[in-house]
Amino acid sequence: MTPSVSKPHRVVVIGTGAVGATTAYTLLLRNRMSELVFIDANKDRALGEALDMNHGLPFVGGVKLWAGDYSDCQDADIIIIAAGSNQRPGETRIDLLNRNAAIFDDIIKNITKYNNHGILLVATNPVDILSYVSWKKSGWPANRVIGSGTLLDSARFRYLIGKHKQIDPRSIHAHIIGEHGDSELPVWSLANVAGAEIDFEQAERDDIFNSTKNAAYEIINAKGSTSYAIALALDRIVAAILQNEHAVLNVSSLLDDYHGISDVYLGVPSIVGREGIREKLQIPLNAQEEEMLRKSAQKLKDQIAQLNI
């Protein structure tokens, strides 16, 4: 009997700037897939990144990687979109909206020309709105269009809580939900360590949350862009999909009557596996948190309404 050969797992990364290249390198080091493709409007940049990583294959092996074009999306399991205009110092994520929405119109047309079965993983900011744009323009089921959401924000939140309490952040259970941006909110009512409530004075809570919310601005002002932590967050999502983990991750999902909110992408705890998003977990929120989430949703809906999609 001829042994069966499993289909290669292909991941395509569109955009080889700081986020795209670092994500690709992280996926390579962690051996997440068997094929890795780089696509960029700057073909020389994509080629350079592919060559540089190829030269490291004798140390890590196991992956075929190359700079390609949109036709390489045809066999992709996951297509990560990290292309777009960068966030500039002093600029909010929403300021990026009009520029990146136009870029995405072209990207989505090119992807769907060759692929209608994969999973779109959006990393470009403003990620919640661009995830919604990608869903609308692709025509794909919402479970297969995912944004990185507040997964990184939640990691920052856990890190800062752990730092204050001198506890490994992996042992902290805490969520940031809503927009990946200025209207995001901390779910203090559910924050815990091994089920025990995390005790902070209000001033400490405010300091931790403000540091969480403003972390990207601080990094951008210091070095020009964020890259390492978001790459690890995207790697975590890719692993959950390809390994069919059914992991609970705070990704950006299309909401349908989530605490009364519908027709908008927001970061909420979602079960992620091979089919994309299986389910959104409607976690309990207190009255203040629920109101903040609704305001976050309305802010993004008002922005989306200006796009005429």
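Just so you know, these numbers come straight off a predicted model, no measurement behind them.
Judged as a side-chain contact (heavy atoms from CB on, under 4.5 Å), and not counting sequence neighbours, the contacts of Thr212 are Arg156, Phe157, Leu160, Ile176, Glu184, Ile208. For Lys280, there are no salt bridge (Lys or Arg N to Asp or Glu O under 4.0 Å) partners, not counting sequence neighbours. Here Lys295 pairs with Glu291 under the side-chain contact (heavy atoms from CB on, under 4.5 Å) rule; sequence neighbours left out.
When all heavy atoms of Val251 and Gly147 are compared, the closest pair comes out as CB-O, 3.3 Å. Minimum interatomic distance between Ser148 and Leu121 (heavy atoms only, all atoms of both residues): N-CD1, 4.4 Å. The two residues Val127 and His180 make their nearest non-hydrogen contact at CG1-CB, 3.6 Å. For Asp257 against Ser262, the heavy-atom pair with the smallest separation is N-OG, 2.7 Å. The shortest non-hydrogen separation linking Arg10 to Asp72 is NH1-O, 3.0 Å. When all heavy atoms are compared, the tightest approach of Asn125 to Asn100 is O-ND2, 2.8 Å.
In this structure a side-chain-to-backbone donor-acceptor pair under 3.5 Å is present from Ser270 to Val268. Proximity of a side-chain donor or acceptor of Arg278 to a complementary backbone N or O of Ile271 within less than 3.5 Å is not detected. Side-chain atoms of Thr124 come within 3.5 Å of backbone atoms of Ala83 as a donor-acceptor pair (strictly under, hydrogens ignored). Between the side chain of Arg144 and the backbone N or O of Gly276 there is no donor-acceptor pair closer than 3.5 Å. Checking side-chain atoms of Ser296 against main-chain N and O of Glu179 turns up a donor-acceptor pair under 3.5 Å. In this structure, the side chain of Asp235 does not engage the main chain of Ala231 through any donor-acceptor pair within 3.5 Å.
With no hydrogens or angles considered, no side-chain donor-acceptor pair links Gln306 and Asp302 at under 3.5 Å. Between the side chains of Asn250 and Ser154, at least one donor N or O lies within less than 3.5 Å of an accepting N or O.
When side chains are defined from C-beta on, Ile80 counts as touching Val238, because their heavy atoms get closer than 4.5 Å. Counting heavy atoms from C-beta on, the side chains of Met33 and Val63 come closer than 4.5 Å. Looking at Tyr70 and Ile107, their side chains come closer than 4.5 Å, going by heavy atoms from C-beta outward. Between Ile277 and Leu254, the closest side-chain pair of non-hydrogen atoms is not below 4.5 Å. Leu120 is not listed as a side-chain neighbour of Ser131, based on a closest heavy-atom distance of 4.5 Å or more. Contact of the Ile119 side chain with the Asp77 side chain is not registered, since no non-hydrogen atoms from C-beta on lie closer than 4.5 Å. Using a 4.5 Å heavy-atom cutoff, the side chains of Arg236 and Glu245 are in contact. Contact check for Val13 versus Tyr25: no side-chain heavy atoms found under the 4.5 Å cut-off.
A salt bridge between Asp69 and Lys43 is absent, with no side-chain N of the basic residue lying under 4.0 Å from a carboxylate O of the acidic one. Under 4.0 Å is where a charged nitrogen must lie from a carboxylate oxygen, and between Lys165 and Glu204 no such pair does. Taking 4.0 Å as the cut-off between side-chain N and carboxylate O, Lys301 and Asp263 do not count as a salt-bridged pair.
Crowding of Gln282 atom CD: a count of heavy atoms from other residues, nucleotides or ligands under 6.0 Å exceeding 12. Counting heavy atoms of neighbouring residues, nucleotides and ligands inside a 6.0 Å radius, atom CD of Glu218 does not exceed 12 of them. Under a cut-off of 6.0 angstrom, the local environment of CD in Glu201 is sparse, with at most 12 non-hydrogen atoms contributed by other residues, nucleotides or ligands.
With rounding to the nearest 0.5 angstrom, the CD atom of Gln288 is 9.5 Å from the CG atom of Leu185. How far CG of Leu300 is from CG of Asp128: 5.5 Å, rounded to the nearest 0.5 Å. From Met292, atom CE reaches atom CG of Asn286 across 9.5 Å, with rounding to the nearest 0.5 Å. Separating the CD1 atom in Ile111 from the CG atom in Asn116 is a distance of 12.5 Å, to the nearest 0.5 Å. His164 contributes atom NE2, which lies 9.5 Å from atom CD1 of Ile161 (distance to the nearest 0.5 angstrom). For the atom pair OG (Ser253) and CD1 (Ile146), the distance works out to 7.5 Å, reported to the nearest 0.5 Å.
Phe209 and Leu190 fall into different hydrophobic clusters, where Ile, Leu, Val, Met, Phe, Trp and Tyr residues are linked whenever their side-chain heavy atoms come under 4.5 Å apart, directly or through other members. Hydrophobic clustering (side-chain heavy atoms under 4.5 Å, transitive across Ile, Leu, Val, Met, Phe, Trp, Tyr) keeps Ile79 apart from Phe38. Using a 4.5 Å cut-off between side-chain heavy atoms of Ile, Leu, Val, Met, Phe, Trp and Tyr, with links allowed through other members, Tyr265 and Leu151 fall into different hydrophobic clusters. Two different hydrophobic clusters hold Leu47 and Leu36 under the rule that ILVMFWY side chains link at heavy-atom gaps under 4.5 Å. Both Ile39 and Val122 sit in one connected hydrophobic cluster of ILVMFWY residues. Membership requires side-chain heavy atoms under 4.5 Å apart, directly or through other members.
Legend: ring pair (Phe, Tyr, Trp, His ring centres under 6.0 Å) pairs involving residues 102-151, not counting sequence neighbours, sorted by first then second residue: Tyr132-Trp135.
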Stepwise side chain to side chain contact (heavy atoms under 4.5 Å, CB included) test for Val193 and Ile198 | CA-CA 7 Å; Val193 179; Ile198 299 172; 3.9 Å; yes
List the steps and the verdict of side chain to side chain contact (heavy atoms under 4.5 Å, CB included) for Tyr258 and Leu281.
-> CA-CA 9 Å; Tyr258 189 94; Leu281 299 180; 5.6 Å; no
Would you check, one step at a time, whether the test side chain to side chain contact (heavy atoms under 4.5 Å, CB included) holds for Gln243 with Arg32?
-> CA-CA 9 Å; Gln243 297 171 21; Arg32 296 301 188 196; 3.4 Å; yes
Intermediate values then yes/no, side chain to side chain contact (heavy atoms under 4.5 Å, CB included), Asn244 and Glu275 = CA-CA 8 Å; Asn244 198 28; Glu275 71 274 33; 3.8 Å; yes
Scan the side chains in residues 14-24 for donor-acceptor partners under 3.5 Å anywhere in the protein, sequence neighbours excluded, and list what turns up.
{"residue": "Thr16", "atom": "OG1", "partner": "Asp40", "partner atom": "OD2", "Å": "2.8"}
{"residue": "Thr22", "atom": "OG1", "partner": "Ala18", "partner atom": "O", "Å": "2.6"}
{"residue": "Thr23", "atom": "OG1", "partner": "Val19", "partner atom": "O", "Å": "2.7"}

Side-chain donor-acceptor pairs of residues 52-60 under 3.5 Å, sequence neighbours excluded:
{"residue": "Asn54", "atom": "ND2", "partner": "Ala50", "partner atom": "O", "Å": "3.1"}
{"residue": "Asn54", "atom": "ND2", "partner": "Leu65", "partner atom": "O", "Å": "3.1"}
{"residue": "His55", "atom": "ND1", "partner": "Leu51", "partner atom": "O", "Å": "3.3"}

